[in-house]
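Heads up: the structure comes next, in structure tokens.
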Amino acid sequence: MTVRIYNTLSQKKEDFEPQTPPQVSMYVCGVTPYDETHLGHGRAYVTFDVVRRYLEYSDYKVNYIQNVTDVDDKIIAKAQGAKDIKQKCAEIVKQYFDSYQDVMSKLNVKPPSNYPKATEHIDDMVKIIQTLIDKGFAYAIKVGDASDVYFEVAKFNGYGKLSKRKLEDMEAGARVEIDKRKKSPHDFALWKAAKEGEPSWDSPWGKGRPGWHIECSVMSSKYLGQTFDIHGGGRDLIFPHHENEIAQAEAATGKLFAKYWMHNGFVNINKQKMSKSLGNFFTLKDIFEKFDPMVVRLFLLQTHYRSPIDFSDQQLTEASSAYGRLVKFIQDVDFILGKTTETAPQIEIEDIQEDLLEYNEKFTKEMDDDFNTAGAIAAIFEMIHFCHKTLDEGEAEKECLEIMKKSVLDLCEVLGIKLETKAKIELGGMGGAIDDSPEVKKIEDQIAEREAARKNKDFNKADKIRDKLKAQGIILEDTSLGTKWSAVK
RNA sequence: GGCGCGGUACCCAAGUGGUAAGGGAGCGGUCUGCAAAACCGCGAUGCGUGGGUUCGACUCCCACCCGCGCCUCCA
């Protein structure tokens, strides 16, 4: 089976054929660290983390580059008033980028192969801008002592091929303030002459700083080559950002920039896009106060990456229950494993291998189809259901339990959903097998006391103990193998 | 105005030219001292509306209604 990817360029699903398999080069537009990371960002980076993980699972070697826009109007605005503006900008970037990385790590997003920063590639950008001027795709306009440099959109034939718009169509509804100096309102800045109190770098056009789009064209080519396999980002970047990236890069090199363009859908609040400007965003930091990051991850992946997701507490609460079901399965298996006896089990590994394989195949089929995580998650739930059902039918041999557990964990791992840590934390005692801390001892003493009461048919007392533990967040389950307990946070 | 996306049960959400995955909630049952969990069963005669193509459409085509996004920074 081959992976199929929906390519924004062709507006179709295409067979994924990287240039030099098994190598895959992938670039995803990163953040501008000037504020806390919100759920919308989370969705984008979880999406591409899954793309990366699944490609790796499919035996590709992924070189994943994600830039950091560390020079930008918003950062500068936030730094205004500082004595050393460049220094202040760097501090802001550090603060929010650290926070970004922290939050991503909680979401179990693997760090990219590299996080290149715009300010560390000014020279490379200057070179490309010069090339564009030399080739007649760009022009400079004097501003005081320095110059702005603009890309002349009309010179690049193919402009609009990603966002499917024609220059004529855009002019009709453009709400942009018209800058009379530019040859066309669509021309965009490659280099901005420094204004008073702005961080700046030397260039052939005097002191200034790069425009937003150029960094991505430059850094992606630098780390991945002039043509690379996958370019990703949020839907909102299609125009103008990605369109402009293509124009700059392809004008400069004459080569195809990126083969596959992938764009994730938005997170909405009451059907409206979650965004900074609307002020309706929820930061991941805040969400994590109430919900486990893995719940958030599951919530995001239960919808196909290209569809919008409407965010609400209720939806997260539902995802929480679903996640609990996954975790509980691992606990149940661990519990049984901890109790395994020497008796002859009725269910052997041969009985279930084929079935497990079926769910595995369904998972792969779904993921191959443009990373259909919703379908893939369904396959995992079906696999769990099958395992529970099997375990209900009789005693299973140890290998059987282990392969069940491994099968589920492996698939969850491809989606970056962690179960084991949570399962272990909750299942602190495992019937006394793992943890012998005083707290656990105390809980188990009470369980033993309850057990004795139950034997004596003193159910009143037994229920009291159960209620008391429940109030402490300890949930008891009486099974044929004894009482199982877990600590739910 | 241009371009794009979507409308599937109580909620969320996959999917497909041949008769609706999965999750959450609910109801009934098995198990249990009672629970919990798990298991079994129930739950859209129908996939925005109206036409059309077809042996057959929710899936293809047309029109319409509704919601959203991009065209300005935005994941």
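Numbered from 1 within each chain, the chains take letters A, B, ... in sequence-line order. Bear in mind that the values here come from a model prediction, so they are computed numbers and not experimental data.
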Next on the checklist: Please report the distance separating the P of G1(B) from the corresponding atom of G43(B), rounded so that it comes out in whole Å.
Outcome noted: 46 Å

Checklist entry - Nearest of C70(B), G22(B), C11(B) to any side-chain atom of Arg165(A)? => result C70(B)

Item to check | Ion pair Arg466(A)/Asp463(A), N-O distance below 4.0 Å | outcome: yes

Checklist entry - So Tyr100(A) and Tyr115(A), would you call those rings parallel, tilted or perpendicular, with 30° and 60° as cut-offs? => result perpendicular

Item to check | Under 3.5 Å donor-acceptor pair, Lys74(A) side-chain atoms to C73(B) base atoms | outcome: yes

Next on the checklist: Rounding to an integer number of Å, can you tell me how far Ile377(A) CD1 sits from C12(B) C1'?
Outcome noted: 12 Å

Item to check | Check: A35(B) base within 3.5 Å donor-acceptor of Arg466(A) side chain | outcome: yes

Item to check | Phosphate contact (C5(B) OP1 or OP2) by His304(A) side-chain N/O below 4.0 Å | outcome: no

Item to check | Flag side-chain contact, heavy atom, 4.5 Å: His388(A) against Asp332(A) | outcome: yes

Checklist entry - Donor-acceptor pair under 3.5 Å: do we get one between Arg235(A)'s side chain and the base of C70(B)? => result no

Item to check | Donor/acceptor link under 3.5 angstrom from Gln302(A) side chain onto base of G23(B) | outcome: no

Checklist entry - Considering Watson-Crick and G-U wobble pairs with both distances under 3.5 Å, what does G1(B) pair with? => result C71(B)

Checklist entry - Nearest to the side chain of Asn372(A), which nucleotide is it out of G24(B), C70(B), A14(B)? => result A14(B)

Next on the checklist: Check the orientation of His242(A) and Trp261(A). Use parallel for under 30°, tilted for 30 to 60°, and perpendicular for over 60°.
Outcome noted: tilted

Checklist entry - Does the side chain of Arg450(A) come within less than 4.5 Å of Asp478(A)'s, by heavy atoms? => result yes

Checklist entry - In whole angstroms, how far is the P atom of G33(B) from the CG atom of Asp463(A)? => result 12 Å

Next on the checklist: It should be established whether Lys273(A) places a side-chain nitrogen or oxygen under 4.0 Å from OP1 or OP2 of nucleotide C68(B).
Outcome noted: no

Checklist entry - Among C11(B), C34(B), A14(B), which is the nearest nucleotide to the side chain of Ser307(A)? => result A14(B)

Next on the checklist: Tell me if the side-chain of Asp236(A) makes a donor-acceptor pair with the base of C73(B), cut-off 3.5 Å, by modelled atom types.
Outcome noted: no

Checklist entry - Using the rule for Phe, Tyr, His and the six-membered ring of Trp, do Phe381(A) and G22(B) stack at under 5.5 Å and under 30°? => result no

